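Please read these numbers as outputs of a predicted model, since none were measured by experiment. Order of the sequence lines fixes the chain letters, A, B, ..., with proteins taken first and strands second; residue numbering starts at 1 for each chain.
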Amino acid sequence: MPDLNFYDMVYQVARLIPPGRVTSYGAIANYLGTKGSSRMVGYAMGSCGAAKPPVPAHRVVNSQGLLTGKFHFRPHSLMQQLLENEGVKVEDDKVVDFKKIFWDPAVELAM
DNA sequence: GAGGTGACTGCGA
DNA sequence: CTCGCAGCCACCT
């Protein structure tokens, strides 16, 4: 186990999200074992701009499927645009059929 | 070393 | 149904 920081863990999981799918901060936090610290996931995303390769943060939404982090994108509509570009329908800043396209690392990457 | 911050979550009124 | 509060933990200054 290298000295991967919590940030790197989040980035790696986020990059594992397949196109057309989305996950929640809590799901990633849960997979990382810090389920109680869902904030850390979002906070880690705050530095996603410094991650290489870039992290598809647009595939990460809150537990409600709302694009809470869209305001961190430039422009703010970029997040929705990227999701729709991958086939994810977004309406009223929230993912349509969120629970259907929901990708849980704790399940998909289970073991 | 200590303090402040934050792209969240869940429960209570 | 909608609004508000408290908990949580790692990173930064």
Side-chain angles (χ1 to χ4, degrees):
Chain A
M1 192 60 127
D3 298 337
L4 290 176
N5 293 338
F6 199 89
Y7 279 38
D8 292 337
M9 293 276 292
V10 177
Y11 300 153
Q12 299 238 11
V13 176
R15 286 191 287 245
L16 289 173
I17 303 172
R21 300 281 176 137
V22 295
T23 190
S24 65
Y25 300 97
I28 296 174
N30 181 25
Y31 177 71
L32 297 178
T34 59
K35 59 181 180 179
S37 307
S38 45
R39 290 184 168 187
M40 277 52 282
V41 180
Y43 192 68
M45 287 311 210
S47 288
C48 70
K52 292 185 289 278
V55 179
H58 61 274
R59 293 182 191 154
V60 184
V61 296
N62 74 342
S63 63
Q64 300 178 37
L66 297 172
L67 308 184
T68 53
K70 63 173 277 180
F71 293 101
H72 289 243
F73 284 77
R74 293 81 62 187
H76 298 165
S77 59
L78 179 62
M79 189 172 186
Q80 179 175 335
Q81 186 124 26
L82 291 170
L83 287 170
E84 290 184 331
N85 185 26
E86 302 206 346
V88 179
K89 294 179 182 178
V90 178
E91 201 169 297
D92 189 32
D93 294 341
K94 75 184 170 202
V95 178
V96 179
D97 296 331
F98 166 66
K99 53 186 190 176
K100 289 186 179 180
I101 64 176
F102 177 69
W103 183 84
D104 187 348
V107 175
E108 304 297 331
L109 307 178
M111 263 179 288

Novice: Taking only residues two or more places apart in sequence or in another chain, which ones pass side-chain contact (heavy atoms from CB on, under 4.5 Å) with A/Ala44?
Specialist: A/Tyr7, A/Val10
Novice: Filter on ring pair (Phe, Tyr, Trp, His ring centres under 6.0 Å), then keep only pairs touching residues 18-61 of chain A, sequence neighbours left out; what's left?
Specialist: none
Novice: Would you please name every residue forming a side-chain contact (heavy atoms from CB on, under 4.5 Å) with A/Pro54, sequence neighbours left out?
Specialist: none
Novice: In B/S/- notation, 5' to 3', how is nucleotides 7-13 of chain B contacted by protein heavy atoms closer than 4.0 Å?
Specialist: BBSS---
Novice: Distance-only criterion, 3.5 Å: show the donor-acceptor pairs between side-chain atoms of residues 66-73 of chain A and protein atoms not counting sequence neighbours.
Specialist:
from: A/Lys70; atom 1: NZ; to: A/Asp93; atom 2: OD1; distance (Å): 2.9
from: A/Lys70; atom 1: NZ; to: A/Asp93; atom 2: OD2; distance (Å): 3.3

Novice: Does anything in residues 73-91 of chain A pair up under salt bridge (charged side-chain N to carboxylate O under 4.0 Å, His left out), and if so which pairs, sequence neighbours excluded?
Specialist: A/Arg59-A/Glu86
Novice: Between P on C/dC8 and CG on A/Leu32, what's the gap in Å once rounded to a whole number?
Specialist: 18 Å
